[in-house]
Amino acid sequence: MRFYNTLTRRLEEFREIEKGNVGLYTCGPTVYDYPHIGNYRSYVFEDLVKRVFLHSGYRVRHVMNITDIDDKTIRKANELGMPLAEVTQKYIDAFHADLRALNVLPADVYPRATEHIPEMLKLIAVLLEKGFAYVRDGSVYFSIERFKEYGRLANLDRASLKAGASAAVDADEYEKEAVQDFVLWKGRKPGEPSWPAPFGEGRPGWHIECSAMSMKYLGPHFDIHMGGVDNIFPHHENEIAQSEAANGQAFVNYWLHCQHLVIDNKKMSKSLGNFYTLGDLLGRGCDPMAVRYLLLSTHYRKLLNFTLEGLEMAGQALARVKNFVFSLKNVEAEGEADPELAAVIRASLAAFSASLADDFNVSGALGVMFDLIHEVNARLNALTRADAAAVLAWVERLNAVLGVLGEADAGPLEAEIEARIALRQQARLEKNFARADEIRAELKKQGIVLIDTPGGVKWKKE
RNA sequence: GGCGGCGUAGCCAAGUGGUAAGGCAGCGCUCUGCAAAAGCGCUAUUCAUCGGUUCAAAUCCGGUCGCCGCCUCCA
């Protein structure tokens, strides 16, 4: 398996630290609002990576942090006049509900920043002791000057950092030795939650939580760290600095970053109103599996242009797969399994895996999937039940990685549907097509689609 | 100013030196009471553009045009 490592800016063959195991850390949400569809592109991609490893036989230990203490969560709590913990819990619950809807496998641990203050304090203490950090007015800063590797991940050198062309460089309210230094611990300010610390009461900076929590759950040196491209600098750069400075060893072997998503070719922004949460889309009647399919179908290192039209197309593509599964389930011929078909299936599975193993080429993998669907469709009439079962097993195998075929939701009872179909058949025999169509339309309203075949009437859920 | 990315059919999107995958949409035919589904066939002499290297370029090199990201808390 090979993929692009941001750290080296090259495609690299994956080599795990501990045979058969993958330690995976993914930057989770800051829980001050509902995540938008762009956030979910990253989480769905991370889920794909994890599933590809699982598919390849690795055991994966996945940690995703929850940032429940920072400027934004504090501001939100103040705005709503609610306790911080109550506000963050609300968004944490919403986040997990969205992940379930998108069929994202849960992480093994979701550590919260507020529950790991001691670990962070310990890490800061080490950095102070080793001389990488300094205290100013009750705050603690990391001195990038003292970490010679600083800028390696983002491919920035100190000179260009000094140029500081970004408009976002704020005249920080805290005193630092150098503007580029970042805060590890923020001295207490009125109206903000704070924790006692040897260097003065305060709260943690953003970056330190990921270092402290990843170390705690994955050790000082682990395999893969992921996030959105915007995290490369400064967040991940700072994590590397903190962790390697403290531990005196390599932190993470592979850094993977998911490109952003734009909506109608424009950057998402609240002022443009082109902001979708998953809830917005589901409210429009969109299928969360179509959302997942769409988010997945563009290579992760390319900008994805999200449009409602694209979502529609994704839904149609998915319908093709579902129809295929439906056809297979209705195969009734008895007989032996065709060895030639079995070989075709094996080759297809190998090609599918190979495509994903090549820097997570989902488009290529989907192409492989549709090729086989086409091929099997062409010989559908010649299939036996044993053949169909083999193809269905193939679908299941692919879906274990793609995760785009959700379970069918509960609908009207089968017996009831069968009864309605019998009534319609009676009407058809009597050439009462108006009545027959009426029944078909009623069932359609309940999400049941009828298909007349030479072998009788079949039905399926939409 | 520094670093980096992208431009492939009506739309989405692979392919990165050997002669354009796949999906959606569309068209024709088969099947059908009508639908739906499915099948078969068709749909890019061409990969933003100009030039170069090569037996061979969407793929490599150089220029041009257009779009975008990062350079301290945005997935």
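Basis for what follows: all heavy atoms, side chains included, without hydrogens, waters or symmetry-related copies. On a predicted model such as this, the values are computed, not experimentally measured, just so you know. We name chains A, B, ... by the order of the sequence lines, and we start the count at 1 in each one.
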When you compare B/A48 with B/G7, how far apart are their P atoms, in angstrom units rounded to a whole number? 8 Å
Grab the CG-C1' distance between A/Leu318 and B/G22 for me, whole Å please. 15 Å
Residues A/Arg51 and A/Asp47 bridged, charged N to O under 4.0 Å: yes
Looking at A/Asn155, I'd like to know whether one of its side-chain N or O atoms comes within less than 4.0 Å of OP1 or OP2 on B/C3. no
Taking only Lys NZ, Arg NE, NH1 and NH2, and the carboxylate oxygens of Asp or Glu, determine whether A/Lys186 and A/Asp71 approach each other closer than 4.0 Å. yes
A/Leu99 CG to B/A75 P: how many Å, rounded? 14 Å
For A/His260 and B/G69, is the gap between ring centres under 5.5 Å while the planes differ by less than 30°? no
Which residues share a side chain to side chain contact (heavy atoms under 4.5 Å, CB included) with A/Gln425, sequence neighbours left out: A/Ile421, A/Arg428, A/Val457
Say we look at B/C3 and B/A14: how far apart would their C1' atoms be, to the nearest angstrom? 28 Å
Nearest-Å distance once atom C1' is located in both B/C68 and B/A56: 34 Å
Could you please spell out the steps behind the side chain to side chain contact (heavy atoms under 4.5 Å, CB included) verdict for A/Ile373 and A/Phe370? CA-CA 5 Å; A/Ile373 289 177; A/Phe370 283 109; 4.1 Å; yes
For A/Asp371, report the nucleic acid contact type (base, sugar-phosphate, nothing); a contact means any heavy atom under 4.0 Å. sugar-phosphate
Please give the distance between the P atoms of B/C70 and B/G63 as a whole number of Å. 25 Å
Euclidean distance for P, B/C74 against B/C67 (whole angstrom): 27 Å
Protein and nucleotides 12-16 of chain B: nitrogen or oxygen contacts under 3.5 angstrom:
from: B/A13; atom 1: OP1; to: A/Thr298; atom 2: OG1; distance (Å): 3.4
from: B/A13; atom 1: O2'; to: A/Ser363; atom 2: OG; distance (Å): 3.2
from: B/A14; atom 1: OP1; to: A/His299; atom 2: N; distance (Å): 2.9
from: B/A14; atom 1: OP2; to: A/Lys302; atom 2: NZ; distance (Å): 3.1
from: B/A14; atom 1: O5'; to: A/Ser363; atom 2: OG; distance (Å): 3.2
from: B/A14; atom 1: O3'; to: A/Asn361; atom 2: ND2; distance (Å): 3.1
from: B/G15; atom 1: OP1; to: A/Asn361; atom 2: ND2; distance (Å): 3.2

Output one letter per nucleotide in nucleotides 30-43 of chain B: B when a protein non-hydrogen atom lies under 4.0 Å from the base, S when only the sugar-phosphate is that close, - when neither is. ---BBBBSSSS---
With rounding to the closest Å, how many angstrom separate the C1' atoms on B/A21 and B/G28? 24 Å
Do A/Arg301's NZ or CZ and the ring of A/Tyr4 fall within the cation-pi criteria of under 6.0 Å and 45°? yes
With sequence neighbours left out, what residues match A/Asp230 under side chain to side chain contact (heavy atoms under 4.5 Å, CB included)? A/His260
Rounded to the nearest angstrom, tell me the gap between atom OH in A/Tyr150 and atom P in B/C71. 11 Å
Please report the distance, rounded to the nearest Å, between CG in A/Leu153 and P in B/C71. 13 Å
Evaluate side-chain hydrogen bond (donor to acceptor under 3.5 Å, both in side chains) for A/Asp181 paired with A/Tyr134, printing each intermediate quantity in order. CA-CA 10 Å; A/Asp181 291 349; A/Tyr134 58 90; 2.7 Å; yes
Sequence neighbours left out, cut at 3.5 Å: what donor-acceptor pairs do the side chains of residues 303-311 of chain A make with other protein atoms?
from: A/Asn305; atom 1: OD1; to: A/Asp264; atom 2: N; distance (Å): 3.2
from: A/Asn305; atom 1: OD1; to: A/Asn265; atom 2: N; distance (Å): 2.7
from: A/Thr307; atom 1: OG1; to: A/Gly310; atom 2: N; distance (Å): 2.8

For A/Glu340, salt bridge (Lys or Arg N to Asp or Glu O under 4.0 Å) partners two or more places apart: A/Arg379
